[in-house]
Structure formats: structure tokens, C-alpha cells
Undergrad: 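Got a structure here, written out as C-alpha cells. Questions coming.
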Number of protein chains: 2
Amino acid sequence: MTHLPPVVDELDRTILALLTANARASFVHIGQRVGLSAPAVKRRVDRLRATGVITGFTTTVRADAMGWGMEAYVEVYCDSAAPPSRMSEVARNHPEIVAAMTVTGDADALLHIRARGIEHFERVLERIRAEPFVRRTDSRIVLTQLLPGGGGGTALRPLLSRAVENAAEPG
Amino acid sequence: MTHLPPVVDELDRTILALLTANARASFVHIGQRVGLSAPAVKRRVDRLRATGVITGFTTTVRADAMGWGMEAYVEVYCDSAAPPSRMSEVARNHPEIVAAMTVTGDADALLHIRARGIEHFERVLERIRAEPFVRRTDSRIVLTQLLPGGGGGTALRPLLSRAVENAAEPG
DNA sequence: CTTGAAACGCTAGTCTT
DNA sequence: AAGACTAGCGTTTCAAG
């Protein structure tokens, strides 16, 4: 929440690397690798969270194992008067939209979409194109991830959160 | 590593939702929410990892706080004979490429790139365009993330891993 | 899946540098 | 200011039911 001076030294960077590699690593384990005691590691992690460097701890899930077999990037062309806030609202209302951003170039926004299959994707696309300010869309369906962990976790959170009323808050 | 029948029931889905919301949540805490004892939760999490549904636990880090202030999606047009394996190799050799995939449409591949700033991004682009089989590139620079957690964590792993020789393996 | 017990990790307080 | 140490408590883990 707060925004104190986010100073990140080499020790912090190593701790962050270890935590991104395994968010469930114990503080003693991390401490052994960086030459610190467990309480010292905890203090640094607490500070990284307080300064907003660490925003959370999440789990990477294979999307296809969850039945979300396809993935696409959709460029959206809007009417000239369309405000980004309106697009943001649309993105929040469609759980299949796992990321949304405004971009440079001809298109106004870029959406990262996950769907159960082609027919599901088509329905999502129809819903988006039904928005009054959307003029047209241009889709790129993902064929193969070229890097390991390409289908990873953070973006899946909106798709899973329907199963839980209150998300668990750390600490 | 193994690929046993990845059956995922409603309880598993709830556990996954809680773990994606907070990967450091304790098994007792999760158990209270789903009406299970801690060992029962652990058994299910172990099984989800063994069947490849859970691929890891990671930490979400604000990229800008780490000095990675800009983000772009780059479409790559290749020579007709360029194999995807070659593109995969290129993606692995450039740490700024946090995701790479083959896609439908005019372009052959789509790259997700993070850079410290415009000038850094330009250098990365030059390096990519210097690859012999790359014919041209088409970039979309990200202006604003429209969903919370849009700058998130998993994709940052390659950028941080240089700080650590051996990544911590869970379990 | 649960229970119970031992090992382990987390965390706050206190002291040292 | 930042880390080390210690002790109390919660968690993880394995055995057995």
C-alpha cells in the first residue's frame, strides 16, 4: 500500500530471484543461500512487500490441465471517443480476459484472452464486439509457446477466483 | 514430471484458487476454507504437482520497481524456411524476451519483451532484427495496464535468475 | 481423511555491532 | 540501522487408524 523509497540492493535481488523461483521457500533456506539468518530474511521480505516491490505470491498452473486449452491476443479498435476506463471495465467483466492494456500502434487496446476452445473463444469475441464503442477486433491465436512456463499462473487468477468468495490475504 | 490422469475436482479447484491468490498460504488455513485437515490438503497439492497441474510457486514483482519500466509486444516476420525451434533458441538467448509464441495471422511469432527503457528496448530490437532469418518486426509498446496485477511476476523470472546460480527446488 | 506426535519453520523480543 | 540469537507458537510431515 505504502510507497516508501523502494531501494533494492543485491541481497534483495537474490532473495527476489529465489522467491520467484519458489514462493514457498522457507526463510532459513533463503538465508543459507544469501548468508543471512531467517529473521533477517523475513525483515527484508516484509520491507519488499511494504514498499510494493513484492505484490504477492502466486501459483503457476498449466492452463490446459484446467480445461483452458486456447489462448489468443486480440487487438481492439475503438471509436475515437472511447475512454480507457471504459475498456478497463469491460476487461474486468469478462473473466476470459486475463490481461488488457492500451498500446501504441493502430489498435487502441490489446487483450490477452484464454478460452476453453475455439467455440468458446468465438463467443467471447462476439461479446466483446457487442460493446458499443468497439469498432473491430483483430485476433492472433497462440499456436505454440516457445519458452518454458509460457502458459503460467498469474494470469489464471481471474479464471480460478470464482471458486472462492474471499481470497486469502497474506500476513 | 509425470503425466498421470490429471483429474481435478471442485475441491482441487478451490485449493488452486487459494494458492494462486497466495502461494504461501498454510495448509491448515486452506484446510479450514475447504473443510479438510492439513495433511489432506498437502496430499492433494502433492498430487496436483505430480500430475503437472501445478508447475510451481512464484512471486509477483512490480517490474517498474525493479527498473524494468517498459514492456512491448513484438510481431516477428521470418523467412519462409525459419523453423520454430530456431526462434525458440533466440528467445532463450535474450533475457528481455519474457514470452515467445507462434501465432496465427500474418506474423510468424509474437514476443513479449521487457526493457529498462526506450533506448534499451531499441537495442534489444536491433539484436533481434540482426538474426539472419528475421525479415521484419512490428512493435506495440504497452502504455497502460488496464487490469490489476498486469505487470506481474511469472514472466520476470528470466530477468531475475541471473542473480542466482541454482534455483531453489520446492519439496 | 483423520488423528496424534515429533520435526521444522515462523515470528516477536532482545541484544550486539 | 541492520543482523543475530532465543523462545514460544503454529505448521508441516509421517505414522497409524
Side-chain angles (χ1 to χ4, degrees), chain A residues 1-61 163-164 166-171, chain B residues 1-2 4-61 65-66 153 163-164 166-171:
Chain A
M1 290 293 187
T2 106
H3 292 275
L4 300 166
V7 275
V8 178
D9 62 15
E10 262 315 303
L11 234 51
D12 289 328
R13 286 183 59 86
T14 311
I15 292 171
L16 286 170
L18 289 166
L19 276 177
T20 54
N22 176 18
R24 286 183 79 88
S26 74
F27 292 153
V28 294
H29 182 217
I30 294 169
Q32 286 167 358
R33 300 224 171 197
V34 300
L36 250 52
S37 70
V41 173
K42 174 188 158 36
R43 279 158 70 104
R44 292 180 96 104
V45 172
D46 284 346
R47 181 171 51 77
L48 288 168
R49 300 219 306 133
T51 54
V53 176
I54 291 177
T55 57
F57 305 100
T58 189
T59 301
T60 53
V61 174
V164 179
N166 276 337
E169 285 303 318
Chain B
M1 290 294 186
T2 106
L4 302 165
V7 275
V8 178
D9 62 17
E10 263 316 303
L11 234 51
D12 290 328
R13 288 183 59 86
T14 309
I15 290 171
L16 286 169
L18 289 166
L19 276 177
T20 53
N22 176 18
R24 286 182 80 87
S26 73
F27 292 153
V28 295
H29 183 217
I30 294 169
Q32 286 166 0
R33 299 225 172 196
V34 301
L36 250 52
S37 67
V41 174
K42 175 186 161 28
R43 274 165 55 102
R44 292 177 98 102
V45 172
D46 286 345
R47 182 172 51 78
L48 288 168
R49 299 218 308 130
T51 54
V53 176
I54 290 177
T55 57
F57 305 100
T58 189
T59 300
T60 53
V61 174
M66 295 295 296
V164 179
N166 273 338
E169 284 304 320

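Proteins get letters first, then strands, A, B, ... in listed order; numbering begins at 1 in each.
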Undergrad: With a 4.5 Å limit on heavy-atom distance, are the side chains of R33(A) and V41(A) in contact?
TA: no
Undergrad: Can you give the first and last nucleotides of DNA chain D, 5' to 3', that have an atom under 4.0 Å from a heavy atom of chain B?
TA: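 Counting from the 5' end, contacts occupy dT11(D) to dC14(D).
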Undergrad: Measure the angle between the two terminal helix axes of the helix from dC1(C)-dG17(D) to dT17(C)-dA1(D), five base pairs each, and quote it to 10°.
TA: 30°
Undergrad: Of the residues in residues 37-45 of chain B, which ones touch DNA chain C at a heavy-atom distance under 4.0 Å?
TA: S37(B), P39(B), A40(B), R44(B)
Undergrad: Using 0.5 Å steps for rounding, measure from the CG atom of L19(B) to the CG atom of L48(B).
TA: 8.5 Å
Undergrad: Looking at CZ of R47(B) and CD1 of I54(B), how far apart are the two atoms once the value is rounded to the nearest 0.5 Å?
TA: 10.0 Å
Undergrad: How long is the span from the CD1 atom in I30(A) to the NZ atom in K42(A), to the nearest 0.5 Å?
TA: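 So the CD1 of I30(A) and the NZ of K42(A) are separated by 12.0 Å.
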Undergrad: Checking the side chain of T14(A) only, and the main-chain atoms of V34(A) only, is there a donor and an acceptor separated by less than 3.5 Å?
TA: no
Undergrad: For a quick check under 3.5 Å, do T55(A) and T60(B) share a side-chain donor-acceptor pair by atom type?
TA: yes
Undergrad: D9(B) CG to dC1(C) P: how many Å, rounded?
TA: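 Roughly 9 Å, once rounded to whole Å.
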Undergrad: How many angstroms lie between atom OG of S26(A) and atom CD of Q32(A), to the nearest 0.5 angstrom?
TA: 7.5 Å
Undergrad: How would you list, by chain and number, every residue that makes a salt bridge (Lys or Arg N to Asp or Glu O under 4.0 Å) with R24(B), sequence neighbours excluded?
TA: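 Per chain and number, R24(B) pairs via salt bridge (Lys or Arg N to Asp or Glu O under 4.0 Å) with no residue.
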Undergrad: Measure the CG-CG distance between L11(B) and L16(B) for me, rounded to the nearest 0.5 Å.
TA: 10.5 Å
Undergrad: So, taking the atom named CG in L18(A) and the one named CG in N22(A), what distance separates them when rounded to the nearest 0.5 Å?
TA: 9.0 Å
